[in-house]
S.K.: 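Sharing a structure, written as structure tokens. Questions coming.
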Amino acid sequence: MHFDCAIIGGGPAGLNAALMLGRARRSVLLIDGNRPRHAAAHASHGFLTRDGVKPSELRRIAHEELARYPSIRRCEREAADVEKTAGGFRIHTVQGDRFEARKLIIATGLKESFPAIEGFRDFYGQSLFSCPHCHGWELRDKPLALVSEQPSVFRTAMLIRSWSRDLVVCTNGRALLTAEQLERLRRHGIRVALSPIAAFYGREGHLEGIRFRDSTTIFREGGFVTPQLSQRSAFGAKLGCAFNKMGGIATDDYGRTSVGGVYAAGDATSVAPSQLVIAAAEGSRAAIGVHMDLAAEMY
Ligand SMILES: Cc1cc2nc3c(=O)[nH]c(=O)nc-3n(C[C@H](O)[C@H](O)[C@H](O)COP(=O)(O)OP(=O)(O)OC[C@H]3O[C@@H](n4cnc5c(N)ncnc54)[C@H](O)[C@@H]3O)c2cc1C
């Protein structure tokens, strides 16, 4: 089957790209493995008109909207491989389908790896989160922890202070903070725990505290754990796309990558903070880029 554009990834970036291309009457294939990045969260925030919506509900509404446009085909499959052809791109799915398209948008997002700490998954998305801008409001004024093994720990701690003055920074045994940073945190009333962590504990998704390997514990009601982020798919690298300093696929203002016919949008480009609204906007931008380039080929 041949499409004007194939989009791999049906998060907000891919969904908005499909919407814009469908509205431009382009034939679009949206291939999505249906593993949204924010699925762990009970509610997503900061998306105007959708503040507090469940991630699954956001998707349901988007699918309903896409169904109004006859040139969009949504396909719940996992893309396994992409190759360049004379006329564009060929996409193979894990399930054995083969699709062809003139243009390709990569919207496969990022994946997160967290420090291996017992109990983490019991609280992630309910009282532990990765992004303070997304969930800081829900945790405001509570006793919080920031668990980070990343060099950004000092900066993140100072950000979180805006939501709660009762903050303990836990570096899980890593010596990440300079003497000057430790002193600044102390001056702002932020405590630091340098010992390795044994476990998060609590009940039914509600964090109650953190136990350290030296058997000490601290009482905390919630917090943030900083993940290590990496590309969810290798399609950008495989096709030879250039990457930016943040490890995202480099694009111009219309989502064009360094490889002709390949566009990228959303978290996969990593140039902006990880946000639903930014990913959706980037999807729209890449779709307009695709539409403009397809039109230019007819001049
Ligand atoms: C726990 C959590 C909570 C969050 N809360 C918020 C919030 O409240 N507000 C906010 O603005 N942001 C929030 N975010 C960030 C937000 O989820 C991301 O910025 C946003 O989802 C990025 O959109 P995307 O379309 O680029 O990628 P994603 O949403 O990650 O979507 C990528 C899609 O591509 C699919 N995919 C990947 N590889 C393939 C493949 N090979 N074949 C087919 N499909 C594939 C995946 O299944 C997925 O559906 C949160 C993130 C997390 C982890």
Side-chain angles (χ1 to χ4, degrees), residues 6-19 29-59 62-63 74-82 91-95 97 99 104-114 120-121 123-139 205 222 224-239 248-249 251 255 263-287:
I7 302 165
I8 309 181
L15 288 163
N16 223 79
L19 177 66
L29 174 71
L30 177 64
I31 306 175
D32 181 43
N34 199 19
R35 291 177 291 120
R37 182 164 162 231
H38 59 141
H42 283 200
S44 38
H45 295 279
F47 197 146
L48 199 64
T49 77
R50 293 282 175 263
D51 190 37
V53 76
K54 273 190 183 160
S56 57
E57 177 63 1
L58 191 69
R59 238 169 218 241
H63 291 170
R74 210 164 47 78
C75 172
E76 202 168 306
R77 298 274 198 279
E78 195 72 24
D81 193 22
V82 179
I91 300 129
H92 302 264
T93 70
V94 170
Q95 291 81 359
D97 321 80
F99 300 105
L104 175 72
I105 300 179
I106 301 172
T108 44
L110 292 173
K111 67 174 180 233
E112 306 170 307
S113 340
F114 290 96
F120 169 70
R121 291 282 160 197
F123 306 102
Y124 187 52
Q126 294 187 75
S127 48
L128 289 177
F129 298 92
S130 50
C131 167
H133 289 106
C134 299
H135 300 282
W137 174 262
E138 281 62 44
L139 297 182
F224 298 93
V225 184
T226 309
Q228 179 92 46
L229 298 172
S230 56
Q231 289 284 324
R232 178 90 160 261
S233 81
F235 301 133
K238 196 215 156 180
L239 291 166
I249 301 173
T251 64
Y263 304 72
D267 280 2
T269 68
S270 280
V271 285
S274 257
Q275 291 277 282
L276 298 163
V277 73
I278 294 171
E282 281 197 18
S284 175
R285 195 168 71 157

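Just so you know, ligand 1 is whichever comes first in the structure, and atom 1 is the first atom listed for that ligand. Count residues from 1 along the sequence.
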S.K.: By salt bridge (Lys or Arg N to Asp or Glu O under 4.0 Å), which residues pair with E78, not counting sequence neighbours?
M.R.: R35
S.K.: Between F129 and H135, how do the two ring planes meet: parallel, tilted or perpendicular, split at 30° and 60°?
M.R.: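 F129 vs H135 ring planes: parallel.
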S.K.: Which residues pass the salt bridge (Lys or Arg N to Asp or Glu O under 4.0 Å) test with R37, sequence neighbours left out?
M.R.: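 By the salt bridge (Lys or Arg N to Asp or Glu O under 4.0 Å) rule, R37 matches E112, D267.
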S.K.: Are any side-chain N or O atoms of T269 and backbone N or O atoms of G248, one a donor and one an acceptor, separated by less than 3.5 Å?
M.R.: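 The answer is no, because no donor-acceptor pair under 3.5 Å joins these two groups.
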S.K.: Rounded to the nearest 0.5 Å, what's the gap from CG on L104 to OH on Y263? Could you check?
M.R.: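 Output value for this atom pair is 10.0 Å.
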S.K.: Test of understanding: with side chain to side chain donor-acceptor pair (under 3.5 Å), list the residues that count as partners of T251, not counting sequence neighbours.
M.R.: none
S.K.: Ligand 1: which residues have a non-hydrogen atom closer than 4.0 Å?
M.R.: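 Residues I8, G9, G10, G11, P12, A13, I31, D32, G33, N34, R35, P36, R37, H38, A41, S44, H45, R59, R77, E78, A79, A107, T108, G109, E112, Y124, C134, H135, R232, F235, G266, D267, S274, Q275, L276, A279 each place a heavy atom under 4.0 Å from ligand 1, listed by chain and number.
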